[in-house]
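Just so it is clear: chains get the letters A, B, ... in the order the sequence lines come, proteins before strands, and each one is counted from 1.
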Amino acid sequence: MVEGQNVMGRLERLTGMLRRRGVILPAFEIHGGAKGLYDFGPVGGRLRAKVQDVWRDHWLSQGDVVEISCPTVTPFAVLEASGHVAEFSDFMTVCQACNEASRADTMLEAHHPNPDALSMSELQALLDEASPPCPACGATEWSSIAAENLMFDTVIGAGSSGRAAFLRPETAQGMFTTYPAIYRHFRERLPFGAMQLGRGYRNEISPRQGMIRLREFNMAELEYFIDPEAEASHDFTPWRSTSVHLVPAEGDPFQSTIPDALDNGVILHPTVAWYMARTHDLLHALGIDLDKLRFRQHARDEMAHYALDCWDVELHGSYGWVECVGIAHRGCYDLEAHERATGQRMRAWRNYAEPKIVEIDGWTTDGAKAGPAFRALAGQVKAKVESLPADAAFPASLILENGEEAVVEPEHVRRVQRTESVAGEWFIPHVVEPAFGIDRIIWHIIDHAYQEAGDGDDLYVRMHLHHDVAPIDAAVLPLFEKDGMGEIASDLHLRLCASRGVLAVYDASGSIGRRYARADEIGVPCCLTVDHTTLEDGTVTWRERDTGEQTRLSIDEAIHRLSTRA
RNA sequence: GCGCACAUGAUCUAGUGGUUAUGAUACGAGGUUCCCAACCUCGUUACCCGAGUUCGAGUCUCGGUGUGCGCACCA
């Protein structure tokens, strides 16, 4: 209990600081705010950009991944094909007695093996027939069912010519809809990946817990396309001695290296294991505390029906364990769905080791004769004839799909005999998808980095951000703004800001200790102090955030150090 | 979406229908100070929004918005 209060108190102080210092703040606050929407402020905006940069560089370093960017406004048909229109809809009904809204499919689970799969009218019929009691008050008077969609809908174009559309609920569909271009870019050779950083939208019923559940959020997804029959060749050497926390779908949590868990069959697919390992490294590089990271495998009934294996990365913070990354083997589900909806080829070509020699020996129709003879049925007759064995004899009587009989004479058919060499085949690639909730990751970077020292009301706050993600790289502090120290410091400040990738702040107000504290609070990794010695020999004090340690070095050295590590 | 609680400067907060709304911290200006939230002087900033009750509303009522907690929801 006491610990719970401490966690709450810390959380309140942390969110207060984030607001006060312009890291993360409720959006549109002057108009009363809006649930589930947050601003990254002058400090947070930079933090987000740096996290995204680290994320981008990490995956591009693999060499077989490209970055794309797709619109957030997405036509209805795209999300219908992907299954989101159905998947993101809940069929709600309202109890007439107590006004409690319930999901119709959930209540009818006792009356149907899989009510989730029913259409709205089927559900309505079943609800009328079964009339289950209201879970809140026990009444059985239900309103008619209404579809609640968790996607934001909009219209492309004006008036009656407008097309229905949604704001995308995930960025992934962009990688699938551009698959043909990506396949071409990689010169038609698997495996390869495409990724995208961007915004996603979900009209959450009840956003809670600050940054954890948002209506508009930053996400980053990578789709890695593989040949399901090719043997994956991932080098796990770097992870052979790195133990991680694993929570398998069955059995107890345990610690293991990722390659061992793969060998033991806990992780089902080597490419999933590969992305788990790479994700582990990425989160470490972002400054996530590895003791507060675990991989949790989805139970079979928790996985999307098409997923073959799925592991979440959960991070522990002020809100407990929170899913921040999903690494899913999605099979061929998405590409197949778009192929089915559009008729476009969403495939890759695979050569056989040896070309296959195919003996074709069978029958087909002679169009010139069979066409006039069977007219509208000619197509069906052709299909039927081509399915006959080589030893079929004519005339033959065939029963067609619609039950009609067709008598095929010898003159209607032709024998087909040839040898074909088939070099390979088209197949739909499988996809392994690591999907990152950037806002949730940023939250945990902050949560893990935020440290309070001291006790009582006199807490000293330090954010131990990794310098790769620290919003501000350095603070330039003139000990006093006199004797020329102020001028030297402003000049240093400008030179730092002019260096690519370096952002420095200038702070001359308050005592030096107060300024160190201000910098520590938002995680500035180092402070450069211009003092009297600077006037004599041109050196400044470099003060490390985490240790408070001070060293003297020349202004040029300081600039060089910051611009090379940024 | 339902229920309960809450909403006062930048942050945290006091305030039981009646003057100019409390305090701390923070922030700004000046002073002081040769390196870790010191000190002195001065200063800026607030009753979530909208209706209502009342001679009078930060305070009471209703509605909205937001926040927290519980239930439900959570690709």
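Residue A:Phe28 places its CZ atom among 12 or fewer non-hydrogen atoms of other residues, nucleotides or ligands, all under 6.0 Å distant.
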- prompt: When you check every protein heavy atom under 4.0 Å of nucleotides 31-37 of chain B, what one-letter string (B, S, -) results, 5' to 3'?
  reply: --BBBBB
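Distance noted for atom C1' between B:rC60 and B:rU25: 33 Å (whole Å). B:rA21 and B:rG56 are spaced 16 Å apart, taking the C1' atom of each and rounding to whole Å. Rounded to a whole angstrom, the distance from the P atom of B:rA72 to that of B:rG64 is 24 Å. Comparing the C1' positions of B:rC62 and B:rU54 gives a spacing of 16 Å, expressed to the nearest Å. Going from the C1' atom of B:rC27 to that of B:rU11 covers 11 Å, rounded to whole Å. B:rU44 and B:rA10 are spaced 14 Å apart, taking the P atom of each and rounding to whole Å. When the P atom is compared between B:rC12 and B:rA51, the two are found 28 Å apart, to the nearest whole Å. Nucleotides B:rG17 and B:rC69 are separated by 31 Å at their P atoms, to the nearest Å.
Checking A:His338, A:Arg168, A:Gln196 one by one against A:Gln173, the side chain to side chain donor-acceptor pair (under 3.5 Å) holds for a single residue, A:His338. Of the candidates A:Arg515, A:Arg514, A:His493, A:Arg518, A:Arg518 is the only one forming a side chain to side chain donor-acceptor pair (under 3.5 Å) with A:Asp507.
Between the P atom of B:rU25 and the CZ atom of A:Arg13 lies a distance of 18 Å, rounded to the nearest Å. Rounded to an integer number of Å, the gap from CE of A:Met211 to P of B:rG68 is 13 Å. Atom-to-atom, CD of A:Gln209 to P of B:rC73 comes out at 15 Å; the value is rounded to the nearest Å. At whole-Å resolution of the value, CG in A:Asn203 and C1' in B:rC73 are 13 Å apart. Atom-to-atom, CD1 of A:Ile30 to P of B:rC49 comes out at 13 Å; the value is rounded to the nearest Å. Here the P atom of nucleotide B:rC48 and the CZ atom of A:Arg19 are 14 Å apart, to the nearest Å. The CZ atom of A:Arg215 sits 11 Å away from the P atom of B:rU65 (whole-angstrom rounding). Rounding to whole angstrom units, NZ of residue A:Lys35 and P of B:rC74 are separated by 17 Å.
Taking the six-membered ring for Trp, A:Tyr319 and A:Trp443 have ring centres closer than 6.0 Å.
Between A:Met17 and A:Arg20, the closest side-chain pair of non-hydrogen atoms falls below 4.5 Å. Side-chain atoms of A:Arg46 and A:Ile472, non-hydrogen and from C-beta on, never get closer than 4.5 Å to each other.
Residue A:Gly437 is classed as having no contact, given no heavy-atom separation below 4.0 Å to the nucleic acid. Residue contacts for A:Arg213: at a heavy-atom cut-off of 4.0 Å it reaches a base atom on one of the strands shown.
Annotation: of the two residues near RNA chain B, A:Glu12 and A:Phe217, the 5′-most nearest-nucleotide partner is A:Glu12.
Across all strands shown, B:rG52 is found opposite B:rC60 as a Watson-Crick or G-U wobble partner, with both distances under 3.5 Å. In this structure, B:rG1 and B:rC71 make a Watson-Crick or G-U wobble pair, each of the two defining distances being under 3.5 angstrom. Using Watson-Crick or G-U wobble geometry with both donor-acceptor distances under 3.5 Å, B:rA46 finds no partner in any strand shown. Across all strands shown, B:rU19 forms no Watson-Crick or G-U wobble pair with both key distances under 3.5 Å. Pair assignment for B:rA24 gives B:rU11, based on Watson-Crick or G-U wobble hydrogen-bonding distances that are each under 3.5 Å. Pair assignment for B:rG66: B:rC6, on the basis of Watson-Crick or G-U wobble contacts that are both within less than 3.5 Å.
Every residue was checked against the side-chain hydrogen bond (donor to acceptor under 3.5 Å, both in side chains) condition with A:His316, not counting sequence neighbours, and none meets it.
Closest contact between the side chain of A:Arg208 and the listed nucleotides B:rG70, B:rU67, B:rC74 involves B:rG70.
A donor-acceptor contact closer than 3.5 angstrom is absent between the side chains of A:Ser554 and A:Asp556.
Note that A:Arg296 lies outside the cation-pi zone of A:Trp321, set by a 6.0 Å cut-off to the ring centre and a 45° limit from the axis.
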